[in-house]
Amino acid sequence: MNAQSSLPRLSYFTGRGVAEKIRLLLAESGTEYEDIDLGVYDVQAKVKTPAFEAIKAAGMLAFDKVPLWEEPDGFRVVQSLAILRHVARTRGLYGKDARETTACDMIIDGVEEVTARARSLTSLTPDQLSEQLPIILGEELPQWLAHFERLLKSNGSGDGFFVGPSVTVADTSVFGFLELLVDNGLQDLLESTYPGLFGFFERMKQRPNLARHLASPKRHPAVQLLNG
C-alpha cells in the first residue's frame with residue numbers, strides 16, 4: 001500500500017463477486033475505504049488484468065488471488081472469508097462472545113454454500129441448466145430458505161437479527177444472499193412463503209449505512225443467475 005494512504009483498501013475485479021459480502025459488511029460498519037477496481041476478469045485469459053498481474057508480481061497476494069484487503073500500516077489479507085471475518089472481528093460485528101461468534105460462522109458458511117450453488121447456474125451449458133435449474137431453485141433453495149427462516153425465528157421474537165440482540169456479520173451475509181434472489185425475480189417467493197426472511201430483508205435495507213451503499217451510483221450491477 002502507498003505510504004501516503006490513510007484508508008484501508010479492498011482490491012477486486014470489476015463486479016460484485018465474492019467481494020460484495022465484504023462491501024456490505026464494511027458499509028454496515030461505517031468503514032471508509034478505497035474500493036480498487038482491478039478491471040474485467042477474463043477467465044480464459046492467461047493475463048487476468050494488468051492491475052491484477054501487477055500486484056501479483058509485487059508479491060502482495062499470499063495465494064495469487066483476490067480480493068485483497070490492505071490496511072494503512074501494511075497489513076494484508078486475501079481470501080474473501082478471512083477478510084470478512086477480520087472486518088467483523090475488528091469492528092464489533094462478530095457477536096458478544098465465543099458462542100455468538102461460532103453462530104455467526106455457522107450462518108456465514110451456510111450462506112456461502114447456498115450462494116455457490118445458486119451462482120453455479122451462471123456457468124452451466126443449456127443442457128446442464130435444464131437439468132440443474134429445477135434441482136437448485138425448486139428443491140435446494142426452498143430447503144435453505146426454510147433453514148434460515150427457522151434460525152431467524154429462533155433468536156428472540158424473530159423480528160430482529162440472526163445472532164444476539166444486535167446486527168452482526170451473519171445478518172449482512174444473509175442479506176446479501178437474499179438480495180441476490182430478489183435481484184433475480186424471487187421477491188414474491190420470499191414475501192409469500194418466507195415472511196420472516198422478507199421482513200428481515202426489508203429491515204436491513206433501511207439501515208442507514210447499508211441503505212447508502214445500496215443506493216450508491218458506483219455500485220456494480222446485480223448478478224443475473226440465468227445469463228451471467
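The figures that follow rest on heavy atoms only: side chains count, while hydrogens, waters and symmetry mates do not.
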Quick one: do the His86 and Gln79 side chains pair a donor with an acceptor below 3.5 Å? no
Result of checking Arg23, Arg9, Lys218 against Asp35 for side chain to side chain donor-acceptor pair (under 3.5 Å): Arg23
Could Glu149 and Lys153 be called an ion pair, given the rule that one side-chain N must be under 4.0 Å from one carboxylate O? yes
Hey, is CZ on Arg99 packed in by over 12 heavy atoms from elsewhere, all under 6.0 Å? no
Going hydrophobic residue to hydrophobic residue with side-chain gaps under 4.5 angstrom, can you get from Leu178 over to Leu226? yes
Do the rings of Phe175 and Phe201 sit parallel, tilted or perpendicular, given the 30° and 60° boundaries? parallel
pair Asn209-Ser29: side-chain heavy atoms closer than 4.5 Å: no
Is the shortest distance from a Lys or Arg side-chain nitrogen in Asp183 or Arg16 to a carboxylate oxygen in the other one below 4.0 Å? yes
Applying the salt bridge (charged side-chain N to carboxylate O under 4.0 Å, His left out) criterion to Glu112, which one of Lys21, Arg85, Arg117 satisfies it? Lys21
Going through the checks in order, is the ring-ring contact (aromatic ring centres under 6.0 Å, His included) test met by Tyr41 and Phe52? CA-CA 9 Å; Tyr41 173 81; Phe52 169 78; 7.7 Å; no
Take Tyr12 and Glu20 through the side chain to side chain contact (heavy atoms under 4.5 Å, CB included) test and state the conclusion after the steps. CA-CA 10 Å; Tyr12 190 63; Glu20 191 62 19; over 6 Å; no
Any donor-acceptor pair under 3.5 Å linking the side-chain atoms of Tyr94 with those of Asp105? yes
Is it true that Met106 and Leu84 fall in one hydrophobic cluster, defined by side-chain heavy atoms closer than 4.5 Å? yes
Test side chain to side chain contact (heavy atoms under 4.5 Å, CB included) applied to Ile136 and Leu129, Leu121, Leu225, Leu141, the passing residue: Leu121
Could you tell me whether Glu179 and Arg219 have a side-chain N and a carboxylate O separated by less than 4.0 Å? yes
